[in-house]
Amino acid sequence: MGLNLKELVVREKTTLESFSSKVIAIDAYNAIYQFLASIRGPDGLQLSDSEGRITSHLSGLLYRNINFLSLGIKPVYVFDGKPPSLKTAEIERRKQIKKDATIKYEKAIAEGNLEDARKFAQQTTSMKDGMVKESKQILSYFGIPYIDAASEGEATAAHLTNTGQAYASASQDFDSILCGAKRLIRNFTNSGRRKIPNRNTYVEIEPEIIETQKTLDSLEITREQIVDIGILIGTDFNPNGFDRIGPKTALKMIKQYSRLEDIPQIQEQLQTIEYEKIRKIFLEPIVTDVDEIVFGKVDYEGMTNYLVKERSFSEDRIQSSLNRLRKALEKKSHNLDQWFS
DNA sequence: CAGCCTTA
DNA sequence: TAAGGCTGG
């Protein structure tokens, strides 16, 4: 989560439209988590159905995928499998953050501070049992394929960009770069303003693309070296990174000494982490091979039944959203007919 | 987050 | 009609 390569990578602004007809491997956990965190009311409560079950992830997946398909983008979602054992500490750290946030949330609610309540509620976000299955169900109604990765979803998503089965991977996390993704798309959404918590300001969010080779060329380093830089800054497998080393210092050290083992001032701390194993997670990731990625047809009726009858979505809204999709897809097939006639 | 309604 | 605010479930 917190791998701050933002300042080092070459990021280029782009648009959703530019990915029309391209297969994009989406880090499913990353996307769903973001929906769960942000699709909330002013008090921080998530959307839920008549039985009190959370529906924020379903709402997010519905509208975003309607946009993808309407633009002719071919998303494939990659779900996480078993995390590497080295991630245990990071998983515990995140649990603790959620615990702390829960207390802060309750305090903010008691004090009637909605802005804070919402912010802390977002920090308590967690993936509950059943959400993955429900998300896959929505994707199935769309005819959108998904893959169950053996280990980290990002790793398999990155792999697909190298087999040529996907044009790019999409995630907010820079780990994809370390995993060897050819291209990474961040903010893979409609562009728009996003509010900064507790401030009356907005930032414009636009999709951006990072071409890994371009970044390596501009930094004049290798893939192995950017992994070492990641380890210096801190990855999920050594969350704290190294003392007083940020992106700039990390780059400088690697350019001067080439690799972790040869940086004199870090040797003592280097012995406290399993850096060779961490390198291996990124350089030889456990990935899942896929024969063929098959896109199906949209099951409008199934989708409507599920969302309206079982998950309390408004029939009018679903109808008009799906009509929008149907029209966009019809237009595309018309264009295709013209091409072949 | 994303759609839709209000506003000027 | 473009930006800002409100609401969805």
Side-chain angles (χ1 to χ4, degrees), chain A residues 1 14-17 19 24 26-71 73 75 77 114-115 117-128 130-135 137-139 141-142 144 170-173 185-208 298 300 302-329:
Chain A
M1 198 173 77
T14 181
T15 61
L16 267 198
E17 290 77 13
F19 301 105
I24 308 297
I26 298 174
D27 180 352
Y29 181 89
N30 189 265
I32 293 167
Y33 188 89
Q34 226 125 44
F35 293 139
L36 291 169
S38 56
I39 303 181
R40 293 167 179 266
D43 53 357
L45 281 182
Q46 287 154 311
L47 306 187
S48 58
D49 63 20
S50 59
E51 293 176 37
R53 297 171 301 178
I54 293 164
T55 54
S56 296
H57 54 312
L58 306 180
S59 178
L61 284 169
L62 172 74
Y63 293 113
R64 186 172 291 180
N65 285 307
I66 285 176
N67 287 332
F68 287 161
L69 297 187
S70 297
L71 291 170
I73 294 167
Y77 283 77
L114 287 191
E115 194 100 13
R118 194 177 196 281
K119 182 178 77 185
F120 293 128
Q122 285 183 296
Q123 294 174 13
T124 69
T125 303
S126 69
M127 191 89 93
K128 297 289 199 318
M131 287 179 173
V132 166
K133 202 175 160 197
E134 294 165 352
S135 299
Q137 196 171 340
I138 295 288
L139 296 176
Y141 289 131
F142 273 115
I144 293 173
S171 175
Q172 291 306 97
D173 293 349
I185 311 169
R186 299 183 70 243
N187 305 331
F188 193 46
T189 71
N190 277 331
S191 43
R193 291 158 301 285
R194 220 175 273 177
K195 199 178 69 211
I196 307 289
N198 279 333
R199 302 199 45 166
N200 223 1
T201 51
Y202 288 79
V203 264
E204 182 69 21
I205 298 296
E206 289 173 278
E208 61 186 29
V298 183
Y300 295 96
M303 178 109 69
T304 307
N305 274 333
Y306 176 62
L307 290 176
V308 175
K309 299 223 176 87
E310 294 187 46
R311 309 310 301 263
S312 313
F313 280 66
S314 139
E315 179 154 25
D316 284 355
R317 280 175 181 247
I318 298 299
Q319 220 70 273
S320 72
S321 299
L322 290 182
N323 278 338
R324 201 158 50 79
L325 173 61
R326 200 184 272 120
K327 272 188 190 156
L329 293 179

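Letters A, B, ... are given to chains in the order of the sequence lines, protein chains preceding strands, and every chain is numbered from 1.
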Rounded to whole angstroms, how far apart are CG on A:Leu45 and P on C:dT7? 15 Å

Would you find a donor on one side and an acceptor on the other, under 3.5 Å apart, between the side chain of A:Thr55 and the backbone of A:Leu58? no

Does A:Arg40 offer a backbone N or O that forms a donor-acceptor pair with the side chain of A:Gln46 under 3.5 Å? no

Are the side chain of A:Asn187 and the backbone of A:Thr189 linked by a donor-acceptor contact shorter than 3.5 Å? no

Heavy atoms only, 4.0 Å cut-off, all strands: where does A:Gln34 land among base, sugar-phosphate and nothing? nothing

note: A:Leu114, atom CG; C:dT7, atom P; distance rounded to Å ~ 13 Å

Can you tabulate the close N/O pairs, meaning under 3.5 Å, that link protein atoms to atoms of nucleotides 2-4 of chain B?
from  : atom 1 : to       : atom 2 : distance (Å)
B:dA2 : OP1    : A:Arg64  : NE     : 2.7
B:dA2 : OP1    : A:Arg64  : NH2    : 3.4
B:dG3 : OP1    : A:Asn67  : OD1    : 3.4
B:dG3 : OP1    : A:Asn67  : ND2    : 3.3
B:dG3 : OP1    : A:Arg324 : NH2    : 3.1

How would you label the contact of A:Ser314 with the nucleic acid (heavy atoms, under 4.0 Å): base, sugar-phosphate, or nothing? sugar-phosphate

Could you state the CZ-C1' distance from A:Arg118 to C:dC6, rounded to the nearest angstrom? 12 Å

In whole angstrom, give the distance that lies between atom CD of A:Glu206 and atom P of B:dC1. 14 Å

For atom CD1 of A:Ile54 and atom C1' of C:dG8, their distance in whole Å: 15 Å

Ring centres under 6.0 angstrom apart (A:Phe68, A:Phe19): no

Nearest-Å distance, CG (A:Leu36) to C1' (B:dC1)? 11 Å

Just call it for A:Ser312: base, sugar-phosphate, or nothing, with non-hydrogen atoms closer than 4.0 Å on any strand. sugar-phosphate

Base, sugar-phosphate or nothing for A:Ser48? Non-hydrogen atoms, less than 4.0 Å. base

Once you round it to whole Å, what is the distance between C1' of B:dC1 and CD1 of A:Ile39? 4 Å

Atom-pair distance (CG on A:Asp316; C1' on C:dT7), nearest Å: 15 Å

Considering the options A:Arg326, A:Lys327, A:Gln319, which one meets the side-chain hydrogen bond (donor to acceptor under 3.5 Å, both in side chains) requirement together with A:Asn323? A:Arg326

Can we say A:Arg311 and A:Glu134 salt-bridge, meaning some charged N sits less than 4.0 Å from an Asp/Glu carboxylate O? yes

Distance-only, no hydrogens or angles: does the A:Ser59 side chain make a donor-acceptor pair with backbone N or O of A:Ser56 under 3.5 Å? no

